[in-house]
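Source: prediction; values computed, not measured. Numbered from 1 within each chain, the chains take letters A, B, ... in sequence-line order. The basis for the numbers below is simple: all heavy atoms, side chains too, and nothing from hydrogens, waters or symmetry mates.
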Protein chains: 2
Amino acid sequence: MKKPRLLLADDHTILLEGLKALLAPEFEVVATAGDGRAVLEAAEKHQPDLILLDISMPGLNGIEAARRLRESNPGAKLIILTMHGDLSFVSAAFEAGVSGYVLKQSAATELVTALHDVDAGRRYISSLIQNRVGAEMPAFMRRPKGATGELTSRQREVLQLVAEGRVRKEIAQILGVSVKTVEFHKQKITEKLGIHTDAALTAYAIRHGIASGE
Amino acid sequence: MKKPRLLLADDHTILLEGLKALLAPEFEVVATAGDGRAVLEAAEKHQPDLILLDISMPGLNGIEAARRLRESNPGAKLIILTMHGDLSFVSAAFEAGVSGYVLKQSAATELVTALHDVDAGRRYISSLIQNRVGAEMPAFMRRPKGATGELTSRQREVLQLVAEGRVRKEIAQILGVSVKTVEFHKQKITEKLGIHTDAALTAYAIRHGIASGE
DNA sequence: ATAATTTCGTAGCCGTCCGCCCGGGCTGGG
DNA sequence: CCCAGCCCGGGCGGACGGCTACGAAATTAT
């Protein structure tokens, strides 16, 4: 039983070293990389079985790196390890060709499980994400479009106004429709995103560039 | 030479476990915590010599936690370990009473050095920041009056919870007070900031680092 | 040193706003 | 045609905001 050869990529050196220590018993960490471009080089050089990618990396983010690795190293399995639990990131990652998605909030044992699952050819999605979106996930995976593409342009418009701190009456005036209609759009938004407070909607909108937060 | 007793706080379990593995040879990790409130409890219970704090934590962020720990555990030395290198965070941290500031981009050896330095009563600032501090810190020292400084500790706490999408009832439960008290604090916040919606408050909190937006 | 004032945290009352359920109609495109 | 998106109304229960008040602590005045 040979240890799978593993490449680690994260811009936080401390985490990189910590991961190496945690995973050493079960995997052979052949290299580490601090940005997306370094991953491509290291993968080329060491031909690992598994590549663990953070999403937030300078230069080339993990999603984009995954897309390129799919081309250059089709033999390597890709796993995302990130703090971002948004569905838009999850779907973008799987569309880019990754096989696993684990959150940094997870326990190390879950990461080990994920790596073994993926190494065995299966897929793995963090249980923390499945809880968050529950039954919406299967439907989501079938959709061709990305997550924010889920929203119609009218819904994004309403979301932006909400995120700018407008109350429903104002939004209704701005759009020239009734308050009831605003509520209708807002309800659709909360259903699709699974977010039920103005505050959380605002955080989502800022993160996804729908509102600037200024 | 006895090992210093250390408390670790970070909302990313994987990093927590990695740190524990890395630091075990030189420090006695007496407890770990996943959010600011848990840190306060753990500190009370275990009376550590050193407390390592992340800034982005749910419920109560690391800066605010540091401020409280200064009161409740004056004997413990505080060190920030974060991805945020902005000077606004650095100065806020030192004003809150921390003795060390290390970036997650740093090597583990630097963190060990920082912990030992702080344990010995010295201060430590990550070398990745120091050059910037020299150039830009003066501007921060003569800043007029930090906008968030207008808020009390309790008000910042409520603001963070609001910005995390918590509803009043949840916040009341978390803080152990009545819903009306939560709303009173919120009213004071809206008066001081001139912001009257949860959405706009959230944008404000994210911009000022009171909430992370995750 | 003591009294007066301000600030902060706590909380109840009451009216409004919002979320969510129902219902309907109107349009444009597969 | 029918589905999806957009528009609108009713009604209900819970969430929220404004107002008021009181005790404790800190600050300032006397």
Side-chain angles (χ1 to χ4, degrees), chain A residues 136 139-140 142-205 210, chain B residues 37 40 59-60 64 67-68 70-72 145-205 210:
Chain A
E136 297 176 38
F140 189 83
R142 282 189 252 106
R143 309 263 172 131
K145 296 288 184 182
T148 52
E150 281 269 305
L151 298 179
T152 68
S153 82
R154 194 58 154 176
Q155 285 161 2
R156 274 194 300 272
E157 196 175 4
V158 171
L159 175 55
Q160 177 175 353
L161 290 165
V162 168
E164 285 171 0
R166 267 37 187 268
V167 291
R168 298 176 318 159
K169 199 185 293 181
E170 288 179 300
I171 298 174
Q173 283 175 347
I174 292 171
L175 298 182
V177 298
S178 91
V179 172
K180 273 296 181 181
T181 304
V182 176
E183 282 176 5
F184 170 83
H185 290 305
K186 210 173 162 187
Q187 192 177 345
K188 291 297 174 194
I189 295 168
T190 60
E191 284 173 9
K192 284 184 179 175
L193 300 181
I195 298 172
H196 299 270
T197 68
D198 285 2
L201 283 173
T202 301
Y204 177 93
I210 295 172
Chain B
R37 230 164 294 278
L40 302 184
L60 194 70
E64 197 56 39
R67 209 168 273 128
R68 310 267 178 106
R70 217 65 244 104
E71 299 289 325
S72 61
K145 206 172 188 182
T148 58
E150 293 175 2
L151 297 179
T152 67
S153 182
R154 193 61 153 175
Q155 286 161 2
R156 277 191 299 272
E157 190 175 10
V158 171
L159 174 55
Q160 175 175 358
L161 290 164
V162 168
E164 285 173 1
R166 276 19 197 276
V167 291
R168 308 288 177 270
K169 199 187 292 181
E170 287 179 298
I171 299 174
Q173 283 175 348
I174 292 171
L175 299 182
V177 298
S178 94
V179 170
K180 294 313 299 181
T181 300
V182 174
E183 286 173 4
F184 170 84
H185 290 307
K186 221 191 122 185
Q187 186 183 341
K188 289 299 172 193
I189 296 168
T190 60
E191 285 174 6
K192 284 184 178 175
L193 301 181
I195 299 172
H196 297 271
T197 67
D198 285 3
L201 283 174
T202 301
Y204 176 92
I210 295 172

| field | Partners meeting side chain to side chain donor-acceptor pair (under 3.5 Å) with B/Arg70 (sequence neighbours left out) | value | none

| task | Determine whether B/Arg37 and B/Leu175 make a side-chain contact, defined as any pair of heavy atoms from C-beta on separated by less than 4.5 Å. | result | yes

| message | Can you list everything that forms a salt bridge (Lys or Arg N to Asp or Glu O under 4.0 Å) with B/Asp198? Sequence neighbours excluded, please. | response | B/Arg168, B/Lys186

Write out a two-atom table: protein N or O, nucleotide N or O from nucleotides 25-30 of chain C, distance below 3.5 Å.
none

| message | Within the supplied structure, the quantity of interest is the number of heavy atoms (other residues, nucleotides, ligands) at a distance under 6.0 Å from B/Lys169 NZ; does it exceed 12? | response | no

| Protein-to-nucleotide contact annotation, 5' to 3' order, nucleotides 11-18 of chain C [B base; S sugar-phosphate only; - none; under 4.0 Å, heavy atom] | BBB---SB

| said: The criterion is side chain to side chain donor-acceptor pair (under 3.5 Å); which residues satisfy it with A/Glu157, sequence neighbours excluded? | reply: A/Arg154

| task | Shoot me the first and last contacting nucleotide of DNA chain D against chain B, ordered 5' to 3', at under 4.0 angstrom to non-hydrogen atoms. | result | D/dA15 to D/dA21

| task | With sequence neighbours left out, write down each residue that passes salt bridge (Lys or Arg N to Asp or Glu O under 4.0 Å) with B/Glu64, or none if nothing qualifies. | result | B/Arg67, B/Arg68, B/Arg156

| message | Taking side-chain contact (heavy atoms from CB on, under 4.5 Å) as the definition, give me every residue that meets it alongside B/Lys180, ordered by chain and number, with sequence neighbours left out. | response | B/Ser178, B/Glu183

| query | Are side-chain heavy atoms of B/His185 and B/Val162 found at a separation under 4.5 Å? | reply | no

| query | Mind checking what makes side-chain contact (heavy atoms from CB on, under 4.5 Å) contact with B/Lys188, not counting sequence neighbours? | reply | B/Gln155, B/Phe184, B/Glu191

| Qualifying residues under side-chain contact (heavy atoms from CB on, under 4.5 Å), relative to A/Ala205, sequence neighbours excluded | A/Leu159, A/Ala163, A/Ile210, A/Ala211

| message | Using side-chain heavy atoms (C-beta onward) and a distance below 4.5 Å, is B/Leu60 in contact with B/Leu40? | response | yes

| message | According to side-chain contact (heavy atoms from CB on, under 4.5 Å), who are the partners of A/Gln173, at least two apart in sequence or on a separate chain? | response | none

| message | At 10 degrees resolution, what angle do the end axes of the helix from C/dA1-D/dT30 to C/dG30-D/dC1 form when each is taken over five base pairs? | response | 40°

